[in-house]
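Quantities reported herein were computed from a predicted structural model and do not represent experimental measurements. Residue numbers start at 1 and run along the sequence shown.
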Amino acid sequence: MKIGITGGIGSGKSYVCRRLEHYGIRVYDCDAAAKRLLRTSPALQQAITRLVGSTDKAAMSRFLLASEANQQAMNAIIHPAVFDDFEQSGMQWMESAILYESGADRLVDKVVVVTAPEEVRIQRIMQRDHISREKALQWIGRQWPQEAVVARADYEIVNDGQRDIDQQVAQVVEGLNIEH
């Protein structure tokens, strides 16, 4: 069984994935894979350079935020490379902030969504990325609304700083009948 973990930027997906390690579960990180592939794949580097003019992070960020069409063009190059890499990894769990938007949900059997109140997400993003509130809201606005993702997911883990994450992770692992 393949399982996807998703949730909007700042929801705490990575934290939940680290908690899954307690169960011996390794999670394929789509963001990290995309960054690795951008560093190591000459074909991907050439395609992005043709599109953006550079593989510099700041240039790619400006390009992505400039328009929906730019984001779609970039995704059409990066997503297939990441999906192929996941398939070849032999891993069962995949973490992707844009699991549904990217079409990666077709690669998994079950989906776990990590959620958090918007204000908590904004503060986490601002602190982690050292960006303004406006820029954090811009990134949040580029993703599906949290409610839409929750409606499609099989499990929800609420990472609001109040509820016990470990207890919720245990319930998901138990619900998926995963041996540990």
Side-chain angles (χ1 to χ4, degrees), residues 4-21 26-41 44-45 47-49 51-79 81-83 85-86 91 93-105 111-150 153 156-163 165-166 168-169:
I5 298 180
T6 193
I9 184 171
S11 64
K13 291 175 305 301
S14 298
Y15 177 75
V16 168
C17 290
R18 286 193 302 275
R19 303 311 302 153
L20 284 164
E21 291 173 5
R26 289 182 46 234
V27 181
Y28 180 90
D29 181 337
C30 288
D31 285 347
K35 289 171 186 163
R36 175 179 45 81
L37 291 168
L38 274 168
R39 281 192 321 271
T40 61
S41 169
L44 197 56
Q45 291 168 351
I48 294 296
T49 300
L51 180 67
V52 179
S54 167
T55 56
D56 172 70
K57 183 179 177 177
M60 290 190 302
S61 179
R62 281 191 303 276
F63 181 85
L64 280 170
L65 290 174
S67 74
E68 184 69 29
N70 283 5
Q71 186 174 356
Q72 289 175 1
M74 177 94 75
N75 290 346
I77 295 169
I78 294 175
H79 292 165
V82 172
F83 297 167
D85 193 61
F86 171 69
M91 296 175 92
W93 291 68
M94 165 198 283
E95 173 192 354
S96 173
I98 54 171
L99 187 82
Y100 292 113
E101 300 95 318
S102 69
D105 60 308
V111 175
V112 178
V113 62
V114 180
T115 62
E118 185 171 275
E119 192 55 41
V120 171
R121 293 172 60 200
I122 291 166
Q123 293 304 316
R124 287 175 181 163
I125 298 163
M126 289 171 57
Q127 193 169 22
R128 180 192 71 199
D129 297 343
H130 308 291
I131 60 174
S132 68
R133 179 180 188 82
E134 293 71 33
K135 186 69 86 175
L137 285 166
Q138 205 173 7
W139 281 114
I140 288 172
R142 287 277 176 196
Q143 298 177 343
W144 276 17
Q146 192 166 249
E147 302 75 34
V149 178
V150 170
E156 178 182 9
I157 293 176
V158 180
N159 186 11
D160 58 5
Q162 305 295 314
R163 298 177 214 188
I165 294 293
D166 290 329
Q168 293 179 79
V169 169

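Atom CE of M94 sits about 9.5 Å away from atom CG of D105, to the nearest 0.5 Å. Here the CG-OH distance, from L20 to Y15, works out to 11.0 Å after rounding to the nearest 0.5 Å. M91 CE to D29 CG: the interatomic distance, rounded to the nearest 0.5 Å, is 9.0 Å. Atom OG of S14 sits about 13.5 Å away from atom CZ of R19, to the nearest 0.5 Å. Taken to the nearest 0.5 Å, the CD atom of E147 stands 9.5 Å off from the OG1 atom of T115. For the atom pair CD1 of I98 and NE2 of H79, the computed distance is 3.5 Å after rounding to the nearest 0.5 Å.
Aromatic ring centres of Y28 and W93: separated by at least 6.0 Å.
S11 places a side-chain N or O within donor-acceptor distance of the main-chain N or O of G8, the cut-off being under 3.5 Å. Panel note: side chain Q168, backbone V158; a donor-acceptor pair is recorded below 3.5 Å. Here the side chain of Q71 pairs no donor or acceptor atom with the backbone of L65 at under 3.5 angstrom. Under a 3.5 Å cut-off, the side chain of D160 and the backbone N or O of R163 do form a donor-acceptor pair. Within the 3.5 Å criterion, the main-chain N or O of A116 finds no donor-acceptor partner in the side chain of N159. Counting only distance, with no hydrogens or angles, the side chain of R133 and the backbone of M126 share no donor-acceptor pair below 3.5 Å.
Annotation for K13 and T6: closest pair CD-C, 3.5 Å, computed over non-hydrogen atoms. M74 approaches F63 most closely through the heavy-atom pair CE-CD2, 3.9 Å. Closest approach of I9 and R121 over heavy atoms only: O-NE, 2.9 Å. Considering all non-hydrogen atoms of both residues, D56 and S54 come closest at N-OG, 2.8 Å. The shortest heavy-atom contact between A104 and F83 is CB-CE2, 3.5 Å. Taking both residues in full, the closest heavy atoms of M60 and T55 are given as CE-O, 3.3 Å, listed atom of the first, atom of the second, then distance.
Residues Q146 and V113 fail the side-chain proximity criterion, which asks for heavy atoms closer than 4.5 Å. No side-chain heavy atom of I5 sits less than 4.5 Å from a side-chain heavy atom of V111. Taking 4.5 Å as the limit, some side-chain heavy atom of L44 sits within range of a side-chain heavy atom of I77.
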| Would L37 and Q45 satisfy side-chain contact (heavy atoms from CB on, under 4.5 Å), going step by step from the backbone distance to the final call? | CA-CA 8 Å; L37 291 168; Q45 291 168 351; over 6 Å; no
| said: Would L64 and S61 count as a side-chain contact (heavy atoms from CB on, under 4.5 Å) here? Give the steps. | reply: CA-CA 5 Å; L64 280 170; S61 179; 5.8 Å; no
| Derivation and outcome, side-chain contact (heavy atoms from CB on, under 4.5 Å), residues E156 and V112 | CA-CA 6 Å; E156 178 182 9; V112 178; over 6 Å; no
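For the residue pair Q123/E119, the side-chain donor-acceptor check at 3.5 Å is satisfied.
D129 has no carboxylate O lying under 4.0 Å from a charged side-chain N of K135, or vice versa, which leaves the two without a salt bridge. In this structure, R142 does not pair ionically with E101, as no charged nitrogen and carboxylate oxygen lie closer than 4.0 Å.
Remark: R26 CZ is loosely packed, at most 12 non-hydrogen atoms of other residues, nucleotides or ligands lying under 6.0 Å away. Atom CD of Q127 has 12 or fewer heavy atoms from other residues, nucleotides or ligands within 6.0 Å.
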